[in-house]
Amino acid sequence: MARMTLSRYLIEEQRQKGVITADLKLLVEVVSRACKAISIAIGKGGLGGVLGEAGSENVQGEAQKKLDVVSNEILLEANEWGGHLAAMASEEMDLPHTIPNRYPQGEYLLLFDPLDGSSNIDVNVSVGTIFSVLKCPEGADLSTPEAAEQAFLQPGTTQVAAGYAVYGPTTLLVLTVGDGVVVFTLDREMGAFVLTQENVRIPEDTKEFAINMSNQRYWEAPVQRYVDELLQGKEGPRGKDFNMRWVASMVADVHRIMTRGGLFMYPLDAKTRDKGGKLRLMYEANPMAFLVEQAGGAATTGRERILDLQPQKLHQRVPVILGSKNEVERVTAYHA
Ligand code: P6P
């Protein structure tokens with residue numbers, strides 16, 4: 001059989017399994033085309049004049065890279081005319097983007113971090129796009145961007161789809177529509193995402209952890225204890241040696257875990273406590289938690305399951321501990 005493309009996978013999920021609607025199929029295809037365009041823009045690097053700072057700041061008060069802005073524009077323009085969306089929200093925009101009246105409105109809400117890890121762009125390290133799809137609540141007030149924020153504030157358990165693109169040696173699209181996790185590799189000659197892995201499973205145990213060790217003095221006691229035990233290796237209470245990785249691109253770190261297991265931690269610490277954490281709930285933690293759980297892993301804040309959190313603000317931050325189930329459960333138990 002010819003290699004399965006994203007379009008065929010989505011048609012089968014819709015027709016054979018009834019797992020998704022035609023509009024959700026269209027939404028995922030449009031997002032995948034936007035990710036292809038982002039991949040091309042990134043691939044040009046210095047040749048495309050898109051490296052470096054945009055000279056602006058985003059809602060987080062972070063300096064925007066030119067490619068942050070370019071990626072955000074690509075996703076907005078790709079999605080606003082299709083008739084499948086009611087509104088969009090992005091890390092790069094303070095308020096949601098409602099669909100202009102000249103276009104039909106759909107039943108879905110799309111949230112995204114258009115270019116996660118963009119601090120790595122200028123040093124040519126893998127970055128990614130993260131997206132999450134919710135259903136727009138009946139009767140939601142989308143009359144203004146300010147009013148529209150409320151429609152997005154749904155727990156992660158209500159997501160109908162989530163995924164990320166990794167712009168690395170290959171461009172990958174990793175997706176769940178609630179029926180397990182599948183991986184597509186961009187065939188640049190065909191311009192199509194081709195299925196290269198299905199039924200992704202995260203091993204329940206691991207010997208690899210990912211955390212920014214430079215924050216160690218700020219960690220809470222349970223994380224101090226947990227990491228200290230890992231560093232003691234086979235002579236310590238864990239009885240085995242551990243390895244460490246930290247790419248500082250959540251998409252790259254999470255994809256490694258999706259591929260061979262591991263534990264990713266951006267825990268609450270004294271530096272980020274007043275903001276509630278470092279990573280954003282709606283378009284980083286929730287989509288990644290949905291994907292990780294669909295692949296047999298776990299995702300908590302250290303105290304609660306991420307997908308159960310009731311969001312209060314569109315850009316709120318949370319602590320994230322995700323990956324191999326048995327390690328997430330151990331870290332979470334230390335917090336109890
Ligand atoms: P630090 C990238 O800026 C990001 O949001 C995630 O992709 C990544 O995991 C984290 O921040 C890196 O944070 O403090 O190590 O630079």
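Just so you know, ligand 1 is whichever comes first in the structure, and atom 1 is the first atom listed for that ligand. Excluded from the calculations below are hydrogen atoms, water molecules and symmetry mates; all remaining heavy atoms, backbone and side chain alike, are included.
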| query | Hey, is the main chain of Gly262 close enough, under 3.5 Å, to the side chain of Thr206 for a donor-acceptor pair? | reply | yes
Under 4.0 Å from one or more heavy atoms of Met250, ligand 1 contributes atoms 6 (C), 7 (O), 8 (C), 9 (O)
- Verify the ring-centre separation between Trp246 and Phe264: is it less than 6.0 angstrom? yes
_Short N or O distance, Trp246 and ligand 1, threshold 3.5 Å exclusive_ = yes
### Message
Looking at Leu153, is its backbone amide N or carbonyl O close enough to the side chain of Gln310 to form a donor-acceptor pair, meaning the two atoms are under 3.5 Å apart?
### Response
yes
For the pair Thr301 (side chain) and Arg303 (backbone), establish whether a donor and an acceptor sit closer than 3.5 Å, ignoring hydrogens and angles.
-> yes
So the atoms of ligand 1 within less than 4.0 Å of a heavy atom of Asp116 turn out to be 5 (O), 6 (C), 7 (O)
Going by the 4.0 angstrom heavy-atom rule, the piece of Ser249 near ligand 1 is backbone
_Under 3.5 Å donor-acceptor, Asp253 side chain and Val247 backbone_ = yes
The residue among Phe193, Tyr9, Tyr164 that forms ring-ring contact (aromatic ring centres under 6.0 Å, His included) with Phe184 is Tyr9
Taking only non-hydrogen atoms of Asn212 and a 4.0 Å limit, the atoms of ligand 1 in range are 1 (P), 14 (O), 15 (O)
- Does ligand 1 have any atom that is closer than 4.0 Å to a heavy atom of Lys278? yes
message = In this structure, does ligand 1 have an atom that sits under 4.0 Å from one of the heavy atoms of Leu279?
response = yes
Nearest non-hydrogen protein atom to atom 14 (O) of ligand 1, with distance, is Tyr266 OH, 2.6 Å
